[in-house]
> 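Pasting a structure here, questions to come.
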Amino acid sequence: MQLQLPFSSQPTPPETASATKGILPPEGEVHTERVEFVRMRRARRYIMRVRPDGTLRVTIPRGGSRAEAVAFMERHVGWITRERSRVRQERAPVVWTHGSTVLLRGISHVIQVESTGAEPVARYAGRLVPVESASNVRPEIERDLRTLAAEFLPQRLKELADRYGLQFTRVSIRNQRSRWGSCARSGAIALNFRLVQMPPEVCDYVLIHELMHLKQQNHGRRFWALVERAFPAYKEAERWLRCEGRGLF
């Protein structure tokens, strides 16, 4: 069993993928929600991972079967319960106050809260943000980060799309909890506002990853060849997402 962090745009490059959903409650009985089965030709064993929303992702290796995957889940019900509990605890929002740090474009900035005026304000990275309470300035700073993302990410996405001769239909900035971005068959791309907090090269990787879906919708071998051709250091970017990405939540 491989325990992976649940914050990655695509943790493991699959050959082919097909998904259905089901649920595995503590008793071990399988229902029809909250479990995603994914077949991967490159996988050598069954792998389970709990996503931030509590969904259990089960990888079926080449030669494996859905029945064997369910049996694998039932043998590890205790681990699934513990892992879901751990993920819920990690997802609990961290309070930001005076002295906390926030990442912007890969650089860590100390938050300074001042209460000298009519209402408190928070300063970070040279920006001034009015806040309701000095006890937790995270909601206001995250709204400010989302504003920055809306100003920067669509423009950067357009620059990269032009570089590779691609066209998307529209782009939206969202507060996604389990993915960094998505690309619909219509060509509409959604991006997590937290991309603006990442080092520029990691942010570019996620944008390129989604742009390559304009050519190849799945995560098969051809898709990853496109990604590697456009961004040869994609594995290093994926490593950053796995190891540092959860710190943005």
> Which heavy atom of C183 sits nearest a heavy atom of E210, and at what distance?
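Smallest heavy-atom distance, with atoms named: N-OE1, 3.4 Å.
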> Under the 3.5 angstrom rule, does the side chain of R146 hit a backbone N or O of I173 as a donor-acceptor pair?
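Answer holds: yes.
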> Check whether any side-chain heavy atom of E132 sits under 4.5 Å from a side-chain heavy atom of E119, and report yes or no.
no
> I'd like to check M198 versus L241 (side-chain heavy atoms, cut-off strictly below 4.5 Å). Are they in contact?
yes
> Please identify each residue that fulfils salt bridge (Lys or Arg N to Asp or Glu O under 4.0 Å) with R127, with sequence neighbours left out.
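Testing R127 for salt bridge (Lys or Arg N to Asp or Glu O under 4.0 Å), a comparison that skips the adjacent residues, returns D144.
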> Quick one, W79 with F72, criterion ring pair (Phe, Tyr, Trp, His ring centres under 6.0 Å). Give me CA distance, side-chain angles, the key distance, then yes/no.
CA-CA 11 Å; W79 178 86; F72 180 75; 8.8 Å; no
> Going by side-chain hydrogen bond (donor to acceptor under 3.5 Å, both in side chains), name the residues that satisfy it together with N175, two or more places apart in sequence or in a different chain.
R194
> Find out whether R138 and V95 are in side-chain contact, i.e. whether some heavy atom of one side chain is under 4.5 Å from a heavy atom of the other.
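Not in contact.
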> Apply salt bridge (Lys or Arg N to Asp or Glu O under 4.0 Å) to E159 and list each qualifying residue two or more places apart in sequence or on a separate chain.
R156
> Taking only residues two or more places apart in sequence, or in another chain, which ones meet T147 in a side-chain hydrogen bond (donor to acceptor under 3.5 Å, both in side chains)?
none
> How about I189 and R170: do any of their side-chain heavy atoms sit closer than 4.5 Å?
no
> Are any side-chain N or O atoms of S85 and backbone N or O atoms of T81, one a donor and one an acceptor, separated by less than 3.5 Å?
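It does not hold such a pair.
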> So does T59 get a backbone contact from the side chain of R45, meaning a donor-acceptor N/O pair under 3.5 Å?
no
> Mind running side-chain contact (heavy atoms from CB on, under 4.5 Å) on K215 and L166 for me, showing each step along the way?
CA-CA 9 Å; K215 291 186 175 183; L166 299 170; 3.5 Å; yes
> Testing the basics here: between L214 and G187, what is the closest heavy-atom pair and its distance to 0.1 Å?
CD2-CA, 3.7 Å
> Answer yes or no: is there a side-chain heavy-atom contact under 4.5 Å between P61 and R44?
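No, too far: nothing below the 4.5 Å cut-off.
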> Would you call K235-E228 a salt bridge at under 4.0 Å N-O?
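Looking at E228 together with K235, the answer is no, because their closest N to O distance does not fall below 4.0 Å.
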> Name all residues meeting the side chain to side chain contact (heavy atoms under 4.5 Å, CB included) criterion together with S182; count only those two or more places apart in sequence or in a different chain, and write none if there are none.
Q176, R179, A190
> Where is the tightest heavy-atom contact between S115 and P120, given as atom of each residue plus distance?
OG-CB, 3.8 Å
> Side-chain donor-acceptor pair under 3.5 Å between E236 and Y205, yes or no?
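Side chains of E236 and Y205: no pair found under 3.5 Å.
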> Quick one: side chain to side chain contact (heavy atoms under 4.5 Å, CB included) partners of P199, sequence neighbours excluded?
E201, V202, W240
> Short question: side chain of N192, backbone of G181 - any donor-acceptor pair under 3.5 Å?
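Flag not set: sc N192 to bb G181 has no pair under 3.5 Å.
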> With a 4.5 Å cut-off on side-chain heavy atoms, are L211 and L160 touching?
yes
> Could you walk me through whether V58 and V38 pass the side-chain contact (heavy atoms from CB on, under 4.5 Å) test, one step at a time?
CA-CA 6 Å; V58 183; V38 182; over 6 Å; no
> Using side-chain contact (heavy atoms from CB on, under 4.5 Å), reason through L153 and V171 one step at a time and then give a plain yes or no.
CA-CA 9 Å; L153 293 178; V171 58; over 6 Å; no
> For F168, which residues count as a ring pair (Phe, Tyr, Trp, His ring centres under 6.0 Å) partner, sequence neighbours excluded?
none
> Kindly compute the distance separating OG1 (T55) from CD (E36), expressed to the nearest 0.5 Å.
7.5 Å
> Search all heavy atoms of A150 against all heavy atoms of P154 and return the closest pair with its distance.
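The answer is O-CD, 3.3 Å.
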> Should R51 and R57 count as side-chain neighbours, where that means a heavy-atom distance under 4.5 Å?
yes
> Show every donor-acceptor pair shorter than 3.5 Å between a side-chain atom in residues 100-111 and any protein atom, with sequence neighbours excluded, or say none if there are none.
from: S100; atom 1: OG; to: T97; atom 2: N; distance (Å): 3.0
from: S100; atom 1: OG; to: T97; atom 2: O; distance (Å): 3.1

> To the nearest 0.5 angstrom, please state how far the CG atom of L56 sits from the CD atom of E83.
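Here the rounded value is 9.5 Å.
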> Taking all non-hydrogen atoms of both residues into account, name the closest pair between W180 and L195 and its distance.
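Smallest interatomic distance, heavy atoms only, reads O-CD1, 3.9 Å.
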> If you round to the nearest 0.5 Å, how far is CG of N136 from CD1 of I141?
9.0 Å
> State, yes or no, whether a side-chain contact exists between R143 and V129 at a heavy-atom distance under 4.5 Å.
no
> Apart from L128 itself, what residues make up its hydrophobic cluster when side-chain heavy atoms of I, L, V, M, F, W and Y under 4.5 Å apart count as a link, directly or indirectly?
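Members alongside L128: V121.
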> On a heavy-atom basis, which atom in C203 and which in F152 lie closest, and how many Å separate them?
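Nearest pair, atom of C203 first, then F152: SG-CE2, 4.4 Å.
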> Could you walk me through whether Y124 and L145 pass the side-chain contact (heavy atoms from CB on, under 4.5 Å) check?
CA-CA 11 Å; Y124 79 101; L145 288 169; 3.6 Å; yes
> Can we call the ring centroids of W224 and F231 under 6.0 Å apart?
no
> Can you name the residues that form a ring pair (Phe, Tyr, Trp, His ring centres under 6.0 Å) with H213, not counting sequence neighbours?
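With sequence neighbours excluded, H213 shows a ring pair (Phe, Tyr, Trp, His ring centres under 6.0 Å) to H209, H219, F223, given in chain and number order.
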> Mind checking what makes side-chain hydrogen bond (donor to acceptor under 3.5 Å, both in side chains) contact with E68, not counting sequence neighbours?
Y46
> The criterion is side-chain hydrogen bond (donor to acceptor under 3.5 Å, both in side chains); which residues satisfy it with R222, sequence neighbours excluded?
Q216
